[in-house]
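Worksheet: one structure, shown below.
All residue numbers refer to positions in the sequence shown, counting from 1.
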Amino acid sequence: MSTAPSSKVPPFDPRDPIGIDDLLSAEDLAIRDTVRAWAADRVLPHIAEWYENGELPGIRDLARELGSLGALGMSLEGYGCAGATAVQYGLACLELEAADSGIRSLVSVQGSLAMYAIHRFGSEEQKQRWLPGMAAGEIIGCFGLTEPDHGSDPAGMRTHARRDGEDWVLSGRKMWITNGSVAGVAVVWAQTGEDGVGAGIRGFVVPTDAPGFSAPEIRHKWSLRASVTSELILDDVRLPADAVLPGVTGLRGPLGCLSHARYGIVWGAMGAARASFEAAVDYARTREQFGKPIGGFQLTQAKLADMAVELHKGILLAHHLGRRMDAGRLRPEQVSFGKLNNVREAIEICRTSRTILGANGISLEYPVMRHATNLESVLTYEGTVEMHQLVLGKALTGLDAFR
């Protein structure tokens with residue numbers, strides 16, 4: 001049998017070494033390139049300054065522009081949403097996080113948490129009231145689940161909602177809430193006392209101008225600095241009966257939303273990794289030591305080869321999970337598999353890239369340290385490493401080790 005290479009075999013592409021682009025349609029590629037171009041124009045020229053200053057100025061303008069791109073609630077159907085495939089949404093997340101994790105977080109919280117909760121569990125009236133404005137970026141949303149004392153164990157949340165006549169009255173605090181202080185609407189999860197702890201958790205659609213609601217911004221972060229992060233304070237916030245999400249009771253609601261958001265992280269983390277890897281490759285080609293570019297030394301090439309393998313394995317894993325989501329076959333355990341692997345490997349790629357850049361690796365003139373510090377947050381939000389390990393451990397053994 002002949003083993004001569006076919007004339008149809010394309011040349012090796014260092015930016016796509018295993019040919020993943022061959023799996024993408026023309027529409028997929030067009031969406032990816034559109035988001036990449038937007039990020040290059042609107043984010044990359046400013047992101048180092050935003051990060052250094054710990055701010056995201058013009059967030060409302062950015063949200064409207066992302067709405068015009070169809071990036072908000074991207075994979076949802078109707079109500080002004082783009083109705084894109086899961087793979088297309090994932091490609092957008094990758095390109096946004098290649099610019100900065102804070103930008104991808106803005107989109108993820110808006111679309112995969114706040115909008116998804118309303119779209120999946122809300123009444124028709126709630127959908128009509130909120131989703132079109134959120135899809136357009138005219139209304140920014142946030143998602144209140146994590147509390148100061150309850151992160152990985154949301155069943156123990158202390159925020160509670162009590163009935164007062166026909167109304168609901170919410171009291172409590174939420175912590176580390178992306179978009180909180182700029183949001184026009186918050187999806188807040190609270191104990192209702194119905195059917196015991198955990199089982200009675202309900203979601204509420206809370207207009208942020210409601211009396212008793214406040215969202216002071218959290219400062220002095222060393223990660224996700226170009227992102228709005230807030231505390232939510234609910235001081236006897238009175239809501240009408242129709243503020244509750246009617247479609248779900250119990251932890252199934254917020255955990256389902258988190259699974260949808262984690263899927264975007266599987267892709268997004270590879271964007272941060274890609275940006276750092278590409279910076280390392282470019283640097284290695286031009287930085288000279290001992291008379292030649294450092295990319296010509298064996299140890300540097302070994303680092304680059306190992307990073308390329310993990311980067312493109314991660315992208316391939318994300319693509320596989322996206323196809324499963326599009327087919328309606330993606331399980332939460334598989335999302336945990338993707339988040340656990342891809343965020344962990346992305347951090348390692350950033351750290352290794354930093355070693356190639358040497359002292360320049362800590363400078364904001366390059367993206368590497370910014371991505372590395374951002375990923376330290378991505379590593380633990382929406383499920384810590386340990387929680388995803390236990391999800392997979394339970395799935396593999398059938399034994400629950402959470403308690």
Side-chain angles (χ1 to χ4, degrees), residues 39 43-44 46-57 59 62 93-110 112-113 142-148 151-152 174-182 215-232 258 261-262 264-277 279-280 314 339-355 357 360-388:
V43 179
L44 290 181
H46 315 289
I47 189 61
E49 180 183 358
W50 296 346
Y51 186 92
E52 188 167 28
N53 293 338
E55 61 184 11
L56 186 57
I59 184 174
L62 292 173
C93 287
L94 188 152
E95 296 302 330
L96 292 170
E97 193 143 354
D100 192 77
S101 299
I103 304 300
R104 198 268 309 145
S105 292
L106 163 64
V107 170
S108 287
V109 170
Q110 176 84 347
S112 291
L113 290 178
C142 66
F143 186 88
L145 179 63
T146 297
E147 297 187 353
S152 296
K174 301 293 183 179
M175 197 70 174
W176 303 113
I177 308 302
T178 297
N179 301 343
S181 60
V182 295
E217 188 169 354
I218 297 172
R219 300 287 187 177
H220 310 299
K221 300 177 297 178
W222 286 114
S223 180
L224 288 179
R225 289 177 58 77
S227 177
V228 174
T229 310
S230 309
E231 181 182 6
L232 303 186
L258 287 175
R262 288 164 181 160
I265 292 173
V266 176
W267 285 91
M270 291 296 97
R274 188 193 71 192
S276 297
F277 170 72
K339 183 179 188 289
L340 177 63
N341 180 80
N342 282 15
V343 180
R344 196 161 55 183
E345 294 304 325
I347 289 178
E348 188 59 33
I349 288 169
C350 290
R351 290 171 177 164
T352 304
S353 296
R354 214 288 295 170
T355 69
L357 270 71
N360 284 322
I362 71 169
S363 170
L364 281 175
E365 292 182 18
Y366 299 90
V368 176
M369 184 61 80
R370 174 170 54 82
H371 283 305
T373 55
N374 281 339
L375 285 171
E376 291 293 343
S377 291
V378 180
L379 183 70
T380 55
Y381 74 23
E382 297 182 29
T384 65
V385 167
E386 293 81 3
M387 297 306 292
H388 290 296

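With rounding to the nearest 0.5 angstrom, the CG atom of L62 is 7.5 Å from the CG atom of L106. In this structure, N374 CG and I347 CD1 are separated by 10.5 Å, a value rounded to the nearest 0.5 Å.
Using a 4.5 Å cut-off on side-chain heavy atoms (C-beta onward), L113 and L258 make contact. Side-chain atoms of I103 and L56, non-hydrogen and from C-beta on, do get closer than 4.5 Å to each other. Annotation: side chain of M175 is not in contact with side chain of E147 (no heavy-atom distance under 4.5 Å).
With T373 contributing its side chain and M369 its backbone, the two residues share a donor-acceptor pair below 3.5 Å. The closest donor-acceptor contact from the side chain of N179 to the backbone of C142 lies at 3.5 Å or more, if one exists at all.
K339 meets the salt bridge (Lys or Arg N to Asp or Glu O under 4.0 Å) test with no other residue; sequence neighbours excluded. Every residue two or more places apart in sequence or in another chain that forms a side chain to side chain contact (heavy atoms under 4.5 Å, CB included) with S227 is listed here: T178, K221, L224, T229. For E217, the salt bridge (Lys or Arg N to Asp or Glu O under 4.0 Å) test picks out R219, with sequence neighbours left out. Under the rule for a side chain to side chain donor-acceptor pair (under 3.5 Å), the partners of E95 that lie at least two apart in sequence or sit in another chain are R36, R274. Partners of Y366 under the ring pair (Phe, Tyr, Trp, His ring centres under 6.0 Å) rule, at least two apart in sequence or in another chain, are Y283. In terms of the ring pair (Phe, Tyr, Trp, His ring centres under 6.0 Å) criterion, residue partners of W50 (sequence neighbours excluded) are, by chain and number, H46. Considering only residues two or more places apart in sequence or on other chains, A346 meets the side chain to side chain contact (heavy atoms under 4.5 Å, CB included) condition with A269, M270, A273, L375. The side chain to side chain donor-acceptor pair (under 3.5 Å) test applied to S353 returns no partner, not counting sequence neighbours. With sequence neighbours excluded, no residue forms a salt bridge (Lys or Arg N to Asp or Glu O under 4.0 Å) with E345. Taking the side chain to side chain contact (heavy atoms under 4.5 Å, CB included) definition, one finds that T352 meets it with K303, M307, E348, T355, sequence neighbours left out. The salt bridge (Lys or Arg N to Asp or Glu O under 4.0 Å) check on R370 picks up D100, with sequence neighbours excluded. For S181, the side chain to side chain donor-acceptor pair (under 3.5 Å) partners are S230, not counting sequence neighbours.
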- Dump the intermediate steps for side-chain contact (heavy atoms from CB on, under 4.5 Å) on I265 and E97, then the final yes or no. CA-CA 9 Å; I265 292 173; E97 193 143 354; 5.8 Å; no

- So I47 and L364, side-chain contact (heavy atoms from CB on, under 4.5 Å) or not? Walk me through it. CA-CA 9 Å; I47 189 61; L364 281 175; over 6 Å; no

- Stepwise, does the side-chain contact (heavy atoms from CB on, under 4.5 Å) test hold for Y381 with T146? CA-CA 10 Å; Y381 74 23; T146 297; over 6 Å; no

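Between R225 and E376 there is no salt bridge, since no side-chain N of the basic residue sits under 4.0 Å from a carboxylate O of the acidic one.
When all heavy atoms of E382 and A261 are compared, the pair lying nearest together is OE1-CB, 3.0 Å. When all heavy atoms of A272 and C350 are compared, the closest pair comes out as O-SG, 4.1 Å. When all heavy atoms of V43 and A99 are compared, the pair lying nearest together is CG1-CB, 3.8 Å.
A 6.0 Å sphere centred on CD1 of I362 holds no more than 12 heavy atoms belonging to other residues, nucleotides or ligands.
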